[in-house]
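Here the structure comes first, spelled out in structure tokens, and everything after it is commentary.
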Amino acid sequence: MLKNLFRKKSVSKILADAAKGYGDHESGSLHKTLGVRDLTAFGIAAIIGAGIFSTIGKASADGGPAVIFLFIFTAIACSFAAFAYAEFASMVPVSGSAYTYSYVAFGELVAWIIGWSLIMEYAIGNITVAISWSDYFTGLLSSIKIPALGINGIHVPDWASMDYLSAYNGHQHAEALVNAGKSMANLDDATRIAANAWNTAPQIAGFHLVADIPALAIIIFITWLVYRGMKESRNASNAMVIVKLAVILLVLAVGVFYVDTENWNPFAPNGISGVLKGVSAVFFAYIGFDAISTTAEECKNPQRDLPRGMMWAIIICTTLYIAIALVLTGIVKYNTLAVGDPLAYVFDQIDLKLMSGIIAVSAVFAMASVLLVFQMGQPRIWMSMSRDGLLPKKFSKIHPKYKTPSFSTIVVGFVVAIPSLFLNLTTVTDLCSIGTLFAFVLVCAGVLVLQNRPDVQRGKFKIPYANAKYIAPLLFIGGLAIAFTQFKKETLAFVTNEAKVLSPVAFVTSLNSEELQTVKQEISASPVVLQGKQIDAEAYLSSLKPEQYESFMSRSSIAYDKKYESGWHLFKHKIPMWIFFFICLIVTYFCVKKNLSLIPVLGLISCLYMMCELELSNWIGFGTWLLVGLVVYFSYGYKHSKLAKEENGSLVQ
């Protein structure tokens, strides 16, 4: 059985099946309508969306102007992965992306795992973008003012424009902070709006009816567009790309005249840790270029155009991201940018209301284009898995008129639409990132596995070879040397699992009413606190300098485990980084022994590093998803695999 789990598909067999049109459906194959310009546009459509209009703000607030280095690092890591994708796309120019490539390199079980992970990536990515689109759209409606018609903004109720989980968590968080002495008016906007959504929502038998209706509406529209055909999707994508590129260039052209270079000082206010804090948000900005590879069967010349389309998309988008980050942090101070709509916010601060309006309108188009590319990619993954017998035959059905995977497209619409009503943005962003990075790591590893196999049919594009035999060990040793010299304190704290003090918000919100009262009494004893004034425990503790805060916590009579994270509770969050260290050690060994190619090695290591920067909870969520996938595989896919039937000589011709 173990051998059957890792049965591989040959490149010649895949190409032969593609040439025959797979023979499963009388409706034939997909339309070949895409050129390098269309593929580049799809890449730009996927990459420039929520990243540049939303998550760039939080990343800039954490890292300051130095966030540009994170964009450069992420772009380089994605470029390494793009080289690996391009080599596979040239070798195996069919739909399926990393799923098909893994089938060739690693075998059926790994292919199933990566296909299942891609299903999560595209579905959750679309949920994320739909939620962001809803935020921008409702904000745009509320800004519409037509005095002649008596319209002073079109306001969608908070409970009808927010997911259930955010509303519930916001209500709980607000309640904890109010109990700690903070007034409702002093809560941050996001918490206050979430609490209001929960409190004002209609109820049925005690259940609060909170759902993101605009997110549902845009998913239905995009699903219909993707169902209608690739040509229609391409034309819509190209139009939306033109709109958002024009607006971004306008933002740069106008914004550069308002840049104050004093705002770039300090350039890296929170050091390297502050820059790396935004790795998830910045990486999410690049997700989508791999979706280009799912359109291989609809390309006129996939072996030439897919590699070019991917690389052009990454180069153009990275240049724009860096320019936008410098302009934003130059116009206002970096620490004010932790908002959901940073571009519109910045121009509000310099009283250019018209620019804010233009940005809000373009953001609606920009995020819709991302939604389009993701919603287009996922059905083609399902279609490829169905062709191999790992999913029911229905999923590979091609519409006789529109030439699209019709059933898969409709199912994907439901898979994305229903969770978007209930899940929150942070949860789905990180889950999407970990699924994508996992795919990138396996594609880079796949190139290394096939590197020296003479029986593999090569495509027109091949990654430039540079021997990693000496470079990889030098990088590994150099990394350790920097860690134990430049970051000695942090490294020793990591290795020795030194106890870590909780943040003020985490500390205050974890306390019960009696403990809160004790903390308030301890605060009131401080000479800087005005007696007789209501104490806001969280605000006071957050205002302390790090050394003052640590001193207060060490003196507080609250139980140790309520103040510090230590032992297993602390160590478990470090598990992903220990995994990274040991895999680096193993990869370095094989670089020396097998003379591995440097570019895919760097792609594997850099993507794995970003994956390990994500919280352990994301790894647990991802692992749970993969376990569910294995149950599906062993209950259906393993028995119905076409490769297994061919090997057993029982495939019905």
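Note: hydrogens, waters and symmetry copies are ignored here, and every other heavy atom, side chains too, is used. Along the sequence shown, the residues carry numbers beginning at 1.
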I need the [X] [atom1] to [Y] [atom2] distance, nearest 0.5 Å.
| X | Y | atom1 | atom2 | answer |
| --- | --- | --- | --- | --- |
| N335 | T329 | CG | OG1 | 11.5 Å |
| N618 | L437 | CG | CG | 11.0 Å |
| C612 | W619 | SG | CH2 | 4.0 Å |
| D388 | H640 | CG | NE2 | 14.0 Å |
| I599 | L448 | CD1 | CG | 11.0 Å |
| M611 | F580 | CE | CZ | 12.5 Å |

Give a yes or no answer on whether the side chain of [X] reaches the backbone of [Y] with a donor-acceptor pair at less than 3.5 Å.
| X | Y | answer |
| --- | --- | --- |
| E550 | V501 | no |
| N595 | K469 | no |
| S641 | Y638 | no |
| S597 | Y465 | no |
| W312 | L39 | no |

For [X], does the [atom1] atom have more than 12 heavy-atom neighbours from other residues, nucleotides or ligands under 6.0 Å away?
| X | atom1 | value |
| --- | --- | --- |
| K594 | NZ | no |
| F267 | CZ | yes |
| Y470 | OH | no |
| K574 | NZ | yes |

Inset, instruction - Please state whether the rings of F88 and Y101 are parallel, tilted or perpendicular, taking 30° and 60° as the class boundaries. - result: parallel
Legend entry - Heavy-atom closest pair, residues M310 and A82: SD-O, 3.9 Å
Inset, instruction - Considering non-hydrogen atoms only, spot the tightest contact between G64 and P269 and give its length. - result: CA-CD, 3.9 Å
Which residue, [options], forms the side-chain contact (heavy atoms from CB on, under 4.5 Å) with [X]?
| X | options | value |
| --- | --- | --- |
| I322 | T319, L320, T318 | T318 |
| F622 | T624, L626, I620 | L626 |
| F494 | F487, F571, W578 | W578 |

Inset, instruction - Given side-chain contact (heavy atoms from CB on, under 4.5 Å), test K8 with L643 step by step and report yes or no. - result: CA-CA 8 Å; K8 298 180 177 71; L643 200 58; 5.8 Å; no
Inset, instruction - Assess whether side-chain hydrogen bond (donor to acceptor under 3.5 Å, both in side chains) is satisfied between E108 and Y633, documenting all intermediate values. - result: CA-CA 10 Å; E108 187 169 285; Y633 172 71; 2.7 Å; yes
Inset, instruction - Before accepting this row, confirm whether a basic side-chain N of the pair K500/E565 lies closer than 4.0 Å to the acidic partner's carboxylate O. - result: no
Legend entry - Intermediate values then yes/no, side-chain contact (heavy atoms from CB on, under 4.5 Å), W625 and I119: CA-CA 10 Å; W625 174 256; I119 287 173; 4.1 Å; yes
Legend entry - Within the 6.0 Å centroid threshold, strictly below: F6 and Y103: no
Inset, instruction - Step through it carefully: locate the ring centre of Y85, locate the ring centre of F440, and say whether they are under 6.0 Å apart. - result: yes
Inset, instruction - Apply side-chain contact (heavy atoms from CB on, under 4.5 Å) to M577 and F581, showing your working. - result: CA-CA 6 Å; M577 201 51 68; F581 175 78; over 6 Å; no
Inset, instruction - Begin from the C-alpha positions of L390 and Y99 and carry the test side-chain contact (heavy atoms from CB on, under 4.5 Å) through to its verdict. - result: CA-CA 12 Å; L390 304 185; Y99 159 75; 3.5 Å; yes
